[in-house]
Amino acid sequence: MVQKNILTFPTIPEPALSRSWETAWEKVPAEWQEPVYRLDRAPNNRVFVRNSNYLYSNKTYDYRTGHTLADQELAWYIYTIWSEGTLKVDPAMLRWYVTSTQALIDRQPAEMRDTYSLANIEPYMLIKEAARAFYERNERYPSPNNLKNVESIAKNLYQHLTVRCSDTPWYEHDVWNMRLDSRIPRRENEPHAERVISLEQLTQTWLKEAARFWFSQALTYGYYTWTSVASRVTYLNYFSRFLATYEHTPATLGESLGSIRKLTTAFTDYLKNPVEGCHENALSETTIGSVTSTLQRFYEFAYENKDLITETTHTEAWLNLTADHTRLFPTYRRKKKGKAHPVTFFTSDELTLMLAHLDVLKTPMTQQVTVQTPGAEPATFTGLGDEQAARAWMIQALTGRRASEILMMDYQPLTMLDVDPEKIQEDSFIARMTYQQTKVDGVEPTILVDVAVVNIIKEQQAYVEEKYPGLEHPYLFPNPRANFTGSRPRSYRSYADTLKRLDATVKLTNKAGEPLRFSQTHRLRHTRATELLNNGVPVHVVQRYLGHRSPEMTMRYAETLAATAEAEFLRYKKVGSDGRDLGLSAKDLLEISQLDHRADRILPNGYCMLPPTQTCDKGNACLPCGAFATDASYIQEHRDQLTRLEALIEARKNQYKARRGEDMPETNVWLTGRLREKASLEAIITKLENEAAQNKAVSGAGTSGRVALTLLTNPAKNGTSPIVQPNLRTQR
DNA sequence: GCCTGGCCCTGTACCGTTCT
DNA sequence: AGAACGGTACAGGGCCAGGC
């Protein structure tokens, strides 16, 4: 768990790796050392955009400027983006870029040209020259978009060179880009790694440098995440733009609390009203709250660390900060008492409708797909060609995980359970799935999944394998663009955009005529939670399943249930697999299950009592196991199991006889196992029945003692949902 | 001592603009 | 012209203080 609100820090250690131009250049293989390419042939063809003017002439293209260092830098750049597979280049634009740089270098003194670095050419200089040259050639200026294309090459090349070929620490640059700079501290799975943080808009030097220090510390010591820093920078930008309307404001903002408050009040007004060129509309209450609280945290940090910040930013004014700066804004701000937001979920019918339309996402863009839903005319759509997004959505629907938890999953997220193949049904748990979670610390990120989920994952693995043959692909869901080597996970942004496109295509609505949006993926989480609770799964189990740290959050979903998690649990006496009472109090049992943070200890028909560290060698055969505990709330489950078991034994016996012409012997291994289970079940049921008879609270355990609830997606009960869900209370 | 509401951090949703 | 991005808005989840 990251410790928050620590306001003093040691200085940032210098990066150990040398990042000189020489070390960068050493990595370029001989065949890539000259910027001369056959555009139509591998391996070069992966790095160049298809351009018919270039591709259809079978010749070698020479991008040399004739100046040694510039040519090497260009070759290094092309090789780098090729090997990392993050960018492509249009050969025509590259030509334009090269002739422009050539002109710029040629204006340097002759003896400097061979050592002139492209890192000296800032993008704006290149653009000016490119536009000038274009005008000379064509007697008109280039179109804005055309110029933008050269600019993007200039910008990318400039950033690659300045960031990757110098020892300058990562935080010294004004643009922080995780894709470009591996030294930026990052968590293993960063939900918004694609977001670029730019300090360029902070025009006051004192502000920019102090912000640089604050954010670099925050990232280095992990007390803010990348997402948080990104939004905080945009919030500080407001302050910077506001200050720009004043002549000059010192870092202290004023001499006394009075003058400081005057300024911050003016700032609040600035945010509340539209400002042309900055924010066209007045900002919302919450945004203003975020902006002011960011500024407040910033000054608290600066006050606590004024010595360090003065030293780092070379701005003496920071030394004059006083305690007044830790209360820039009056603290009497009270929010309106808001009721908790209602839990929104999809009903079974809605989900069915949506799943039927998921095909539109799966179908290639060149094909049409017709969707037939009950009670509606068949509708035909053009496919959107994003099958992996469809699979990610399915997994979200089946497991209730967050979008980022699924998108950042490892290529191989499954650990198969040792399940007897004979016993597998379509809703059996057969594997443990590890998802990536960053939001809540201290939660074990694994859940049990059933055949349906496993099959989707296998399909997706095959898809990735086919898309990136022979390449390493660490993620199950690779980003579809700018990812030619398959090394980056799919960004939440591109996933959400795809789902939005699907929404716009199929335009689904619910019965009330409100739009049903695929892009609201969090609803799937609510849906799953509500489903589990409505199916009678105890709150603490659902809590663990969803990865909530405390039951409060889960309880919000549980409003339909009368009992709390504890009451639910304590109501029943636990019975061992031999049908005898366990020598443990219900309270102890609760603690055991609470201490153990793994949902898979809750079995479909009871609880596994093994201490968390102990492994089970009994495979799936819980019933005859001494560590198995159950209670009266599962009695119906046991009765159902018994019926199914008896039917199964009967069927097998008949099969055996049909095939071999003789009865199955009592010594048959399979049969003895089942008979043991049957004996256990019968003992348990008898015991629980007595239990229920004595205990008024559980009369008719599992039936009348419980609030009558509808099963949302159990196909056996209502036959509408195509979802095969891992029902926690069925035979596994 | 317990409960509740508010605050803070972090992630998701949405929309208009920019890029390709 | 469709995909990607940037900025804004807001929801989810943890935690703590203040009221009882």
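Worth knowing before you read on, the calculation uses all heavy atoms, side chains too, and leaves out hydrogens, waters and symmetry mates. For clarity, every value in this text was computed on a predicted model and none was experimentally measured.
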- Message: Under 4.0 Å from OP1 or OP2 of dG13(C): is there any side-chain N or O of Arg525(A) that close?
- Response: yes

- Nearest-Å distance for atom pair CD1/C1', residues Ile288(A) and dA9(C): 12 Å

- Determine which pairs satisfy salt bridge (charged side-chain N to carboxylate O under 4.0 Å, His left out) with at least one residue from residues 212-225 of chain A, sequence neighbours left out, and list them in order. Asp174(A)-Arg212(A), Glu209(A)-Arg212(A)

- Query: Would you say Lys208(A) has more than 12 foreign heavy atoms packed within less than 6.0 Å of its NZ?
  - Reply: yes

- Message: It should be established whether Tyr495(A) places a side-chain nitrogen or oxygen under 4.0 Å from OP1 or OP2 of nucleotide dT12(B).
- Response: no

- Please work out if Thr521(A) contacts a base, only the sugar-phosphate, or nothing of the nucleic acid, heavy-atom cut-off 4.0 Å. sugar-phosphate

- Message: If you assign each of Lys155(A) and Ala403(A) to its closest nucleotide in DNA chain B, which residue comes earlier from the 5' end?
- Response: Ala403(A)

- Query: Just checking Arg195(A): base, sugar-phosphate only, or nothing, at a heavy-atom cut-off of under 4.0 Å?
  - Reply: base

- Which comes earlier along DNA chain C counting from the 5' end, the contact point of Lys500(A) or that of Thr287(A), where each point is its nearest nucleotide? Lys500(A)

- Message: With a cut-off of less than 4.0 Å, is there a side-chain N or O of Gln520(A) near OP1 or OP2 of dC14(B)?
- Response: yes

- Query: With respect to the phosphate group of dC9(B), does any side-chain polar atom (N or O) of Tyr224(A) fall under 4.0 Å of OP1 or OP2?
  - Reply: yes

- Distance-only, no hydrogens or angles: does the Ser494(A) side chain make a donor-acceptor pair with backbone N or O of Arg490(A) under 3.5 Å? no

- Residues in side-chain contact (heavy atoms from CB on, under 4.5 Å) with Tyr303(A), at least two apart? Lys306(A), Leu321(A), Ala323(A), Thr326(A)

- Message: Base, sugar-phosphate or nothing for Gln296(A)? Non-hydrogen atoms, less than 4.0 Å.
- Response: nothing

- Query: Between Phe298(A) and Trp214(A), what is the ring plane arrangement, given parallel below 30°, perpendicular above 60°, and tilted in between?
  - Reply: tilted

- Query: Of all the nucleotides listed (dC8(B), dT10(B), dC10(C)), which has the minimum atom distance to the side chain of Tyr235(A)?
  - Reply: dC10(C)

- Message: Check the phosphate of dT12(B) against Arg402(A), side-chain N and O only, distance under 4.0 Å to OP1 or OP2. Yes or no?
- Response: no

- Are OP1 or OP2 of dC14(B) and a side-chain N or O of Ser519(A) less than 4.0 angstrom apart? yes

- For Ser231(A), report the nucleic acid contact type (base, sugar-phosphate, nothing); a contact means any heavy atom under 4.0 Å. nothing

- Task: Verify the contact: side-chain N or O of Thr225(A) to OP1 or OP2 of dG11(B), cut-off strictly under 4.0 Å; return yes or no.
- Result: yes

- Query: Between dC8(B) and Arg297(A), is there an OP1 or OP2 to side-chain N/O distance shorter than 4.0 Å?
  - Reply: yes

